[in-house]
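Everything below concerns the one structure shown next.
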Amino acid sequence: MAIERTLILIKPDGVQRGLIGSIVERFERRGLKIAGLKLMKMTEALAAQHYKDHVTKGFYKGLVAFMTSGPLAALCVEGPKAIEVARKMMGKTFCTDAEPGTIRGDFGVSRGMNLVHGSDGPDAAKRELALFFKPEELFEYSRALDAAVVSDEDRA
Ligand code: IDP
Ligand code: MG
């Protein structure tokens, strides 16, 4: 299926810096649909599940401290190839390496405090969305603008 859903997190640094709106706007302007959106705090238990592949890494402790330091905004973003499109919009992991025009390349200079998370593939997207959203928190709806943003070919 060409229409995908992905988990985007606006990390605590993005919330502290007042960038929720600026970041959400980028996804909306791209034509992607917001299927879920909420402010929440990541617990250590959720961090351990979400970042399970990173538990052995040297930066893990600092990452969890950062991600649990304050509220974050969780989004489910939907659209054609949404997983890859969102990752490209975010830019490379370290803001210093991210191209201008990307979220990390426009808004940050840090390695770890890099403003956003985006699922890195279909399996991760499915797993991570289930960690952050209950089924009833995700919405299927059509928008007036959808006909001008997504064609039958894009959906196929
Ligand atoms: P990604 O977020 O671009 O997918 P990952 O390699 O999955 O990058 O790392 C997850 C998160 O861990 C990064 O977004 C970043 O916040 C943090 N991180 C990764 N490597 C480092 C590091 O070397 N120092 C500090 N934080 C790091
Ligand atoms: Mg990752």
Side-chain angles (χ1 to χ4, degrees), residues 1-135 137-139 150 154:
M1 187 168 102
I3 302 292
E4 297 174 343
R5 283 181 166 185
T6 188
L7 176 76
I8 301 294
L9 301 177
I10 301 174
K11 297 184 178 184
D13 55 332
V15 175
Q16 289 298 319
R17 292 178 54 195
L19 291 172
I20 297 173
S22 301
I23 294 171
V24 172
E25 182 185 25
R26 289 185 173 223
F27 293 108
E28 287 190 301
R29 293 193 70 147
R30 185 76 191 258
L32 295 167
K33 186 185 292 185
I34 309 299
L37 174 61
K38 65 178 171 183
L39 205 63
M40 58 179 283
K41 199 125 180 248
M42 186 182 259
T43 60
E44 296 217 0
L46 179 56
Q49 287 181 288
H50 178 63
Y51 284 124
K52 70 177 177 54
D53 295 339
H54 294 313
V55 283
T56 58
K57 310 259 174 77
F59 61 81
Y60 180 74
K61 218 174 147 201
L63 175 62
V64 174
F66 162 53
M67 290 298 293
T68 59
S69 66
L72 54 77
L75 287 82
C76 172
V77 168
E78 181 184 296
K81 293 180 79 172
I83 298 166
E84 188 184 327
V85 167
R87 291 280 293 188
K88 284 187 180 155
M89 289 173 69
M90 289 160 45
K92 292 197 178 137
T93 300
F94 300 150
C95 297
T96 44
D97 301 334
E99 297 288 333
T102 63
I103 294 166
R104 288 166 171 168
D106 283 351
F107 294 135
V109 286
S110 172
R111 288 156 70 91
M113 293 193 295
N114 57 4
L115 297 148
V116 275
H117 166 85
S119 308
D120 65 8
D123 292 343
K126 198 166 173 221
R127 186 180 80 83
E128 293 174 359
L129 282 169
L131 286 177
F132 284 83
F133 288 99
K134 298 180 192 136
E137 292 175 327
L138 297 177
F139 295 86
V150 182
D154 298 320

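Whatever order the structure lists ligands and atoms in, that order sets their numbers, starting from 1.
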Discussion item. Has D106 got a side-chain atom pairing as donor or acceptor with P100's backbone, closer than 3.5 angstrom?
Written reply: no
Discussion item. Tell me if the NZ atom of K81 is crowded by more than 12 foreign heavy atoms within 6.0 Å.
Written reply: no
Practice prompt. Taking only heavy atoms of the protein into account, state which residues are under 4.0 angstrom from an atom of ligand 1, in chain and number order.
Written response: K11, Y51, H54, F59, L63, R87, T93, F94, R104, R111, G112, N114
Worksheet, complete the sentence: For F94, the ring pair (Phe, Tyr, Trp, His ring centres under 6.0 Å) test, sequence neighbours excluded, returns none
Response to the item:
Hits for salt bridge (charged side-chain N to carboxylate O under 4.0 Å, His left out) against K38, two or more places apart or cross-chain, chain-then-number order -> E137
Discussion item. Can you tell me which residue among I83, V85, L37, L32 is in a side-chain contact (heavy atoms from CB on, under 4.5 Å) with V77?
Written reply: L32
Less than 3.5 Å apart, which donor and acceptor atoms pair up between the side chains of residues 120-133 and the rest of the protein, not counting sequence neighbours?
residue	atom	partner	partner atom	Å
R127	NH1	Q49	O	3.0
R127	NH2	Q49	O	3.4
R127	NH2	H50	O	3.3
E128	OE1	H117	NE2	2.8
E128	OE1	S119	OG	2.7

